[in-house]
Amino acid sequence: GEFLPWNEVDKLFPRGSTAVVVDVDSGINFQVQRRAGSSHVDAQPLTAEDTAAMKQAYNGRWSWKRRAAIVVLPDGRKIAASMAGMPHGQGAIPNNDFNGHFCIHFRDSKTHGSHKVDLAHQMMVWKASRTLDEHTEALDREGVIALLFTALDQHEYSIASQLIHPDVDINPLLLQLQRIERIKYDNLKVLADNEFTVDVRIIFDDYTQEVRQKTMVAIYREGPPWKIAASSLIPLLEPATATVVSQLDSWYSQEDWEQ
C-alpha cells in the first residue's frame, strides 16, 4: 500500500464514501463506509456479510488489537493502513450486525482521545507499506525499546524478533514471550549509554493476574540499527522478580485502549 499521510487520505477517502479493506496477514477483505473521523477514519462494515468477514480476520473475536491493512479505493488506489477491530461508539448502517464503528489509521494520523500519533497503529502502517525496516533503522535506543514492547503487546512476534539481538538462544525466549497477552511500560530511565530501566505491567495469557516489575533493558552495543539483548528480556518471565496486583479491568476500558 502507498505510504500516504493522513491529510492526503482524508481527501481521497471522504465521509460517506466506500472502500475495500484487505487484512494483510490473512488476505480477508470486506467493504466499509467512512462515517466520521477528523484525525483518522471512523468506519463501519457495509453489510452483515462484511462484518462476518472482518470478524473472521480477527479470529472470531472482536479486539482492540491493531492489524496491518490495505484500503483499496474505488479507483483501485491502495493505501497502507492499520485497523483496530473493536466496535465502539455510534453506528448508522442498519442490519450490518456491527454495533458502532471501528478505527482505521494511516501515516501520521492521530487518536481522537489523546490527539497523539499511536505507535502501534504506525507500526502496522509501516508493515502494510513495507517500510518497516527503514523506520526501524532510523530509531534511536529509546525508540527501539518502545517498538519492541509495542510489538509484543500486539503479538507481532516477527517484528519483535527483528529487534532482539540473540546473545542467548532466541527461539525459547520468543516462545515464552508469547505467553504475554498484554504488556505496557513506562518510567524509562537511562542507566548508561546502552542500559535502561523500565517499569513493566504484564497480563499473561491465562488472564489470572496482572504483574508489575522493574527490569533492566540492555541495548546490544553495535548499531544503528539498535537491537535489544535477548538476555535482558529473560527477567520479564521470571515470577520471582514480579509483584502481583489486581485491577485487570482497567486494562480493557475504552478510554485506555480506544484510538
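Computed from a predicted model, the values in this text were never measured in an experiment.
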Neighbour count above 12 (heavy atom, 6.0 Å) for [X] [atom1]:
X	atom1	value
D97	CG	yes
R15	CZ	yes
N95	CG	no
Q176	CD	yes

Hey, does [Y] have a side-chain heavy atom less than 4.5 Å from the side chain of [X]?
X	Y	result
M86	Y58	no
R179	L237	yes
V21	M83	yes
V41	F106	yes
V20	L73	no
I93	Q33	yes
I145	L147	no
I170	V168	no

Given W6 and H105, is the ring pair (Phe, Tyr, Trp, His ring centres under 6.0 Å) satisfied, shown in steps? CA-CA 8 Å; W6 165 243; H105 281 240; 8.3 Å; no
Is the positively charged end of R141 above the ring of F196, judged by distance under 6.0 angstrom from the centroid and angle within 45° of the axis? no
Heavy-atom pair with the smallest gap, counting every atom of [X] and [Y]:
X	Y	answer
Q44	G91	NE2-CA, 3.4 Å
A128	A81	CB-O, 3.7 Å
F30	M54	CZ-CG, 3.5 Å
H121	S82	ND1-OG, 2.7 Å
K127	E156	NZ-OE1, 3.0 Å
D42	C103	OD1-SG, 4.0 Å

Would D186 and V198 satisfy side-chain contact (heavy atoms from CB on, under 4.5 Å), going step by step from the backbone distance to the final call? CA-CA 6 Å; D186 56 18; V198 292; over 6 Å; no
Nearest 0.5 Å, please: how far is [atom2] in [Y] from [atom1] in [X]?
X	Y	atom1	atom2	result
Q178	L173	CD	CG	10.0 Å
R77	D75	CZ	CG	7.0 Å
S63	Q154	OG	CD	7.5 Å
H115	S39	NE2	OG	6.5 Å
R107	I79	CZ	CD1	12.5 Å
M216	K189	CE	NZ	15.5 Å

Do the rings of H165 and Y220 sit parallel, tilted or perpendicular, given the 30° and 60° boundaries? parallel
Check the angle between the aromatic planes of W62 and F98 and answer parallel, tilted or perpendicular using the 30° and 60° thresholds. perpendicular
Indicate if [X] and [Y] have the same hydrophobic cluster label, given that clusters are the connected sets of ILVMFWY residues with side-chain heavy-atom separations under 4.5 angstrom.
X	Y	value
Y157	F204	yes
L177	L163	yes
W226	I228	yes
I180	V217	yes
I159	V117	no

Examine distances only and state if a side-chain atom of [X] and a backbone atom of [Y] form a donor-acceptor pair shorter than 3.5 Å.
X	Y	result
N96	L46	no
Q122	D108	yes
Y185	D199	no
H101	G89	no

With side-chain contact (heavy atoms from CB on, under 4.5 Å) as the test, would you mind laying out the steps for I202 and K184 before giving the verdict? CA-CA 7 Å; I202 303 174; K184 284 186 174 182; over 6 Å; no
Regarding [X] and [Y], is there a side-chain donor-to-acceptor distance under 3.5 Å anywhere?
X	Y	value
D50	T47	yes
S114	T111	yes
S26	D23	yes

Between K78 and E2, is there a salt bridge with N-O shorter than 4.0 Å? no
Can you tell whether the side chains of R182 and D153 come within less than 4.0 Å, N to carboxylate O? yes
Applying side-chain contact (heavy atoms from CB on, under 4.5 Å) to T197 and T215, what does each step give before you reach the verdict? CA-CA 6 Å; T197 60; T215 191; over 6 Å; no
Would R34 and D10 count as a salt bridge (charged side-chain N to carboxylate O under 4.0 Å, His left out) here? Give the steps. CA-CA 10 Å; R34 179 181 177 184; D10 191 24; 2.8 Å; yes
Give the C-alpha distance, both sets of side-chain angles, the deciding distance and a yes or no for side-chain contact (heavy atoms from CB on, under 4.5 Å) between K110 and H40. CA-CA 6 Å; K110 298 179 180 179; H40 61 256; over 6 Å; no
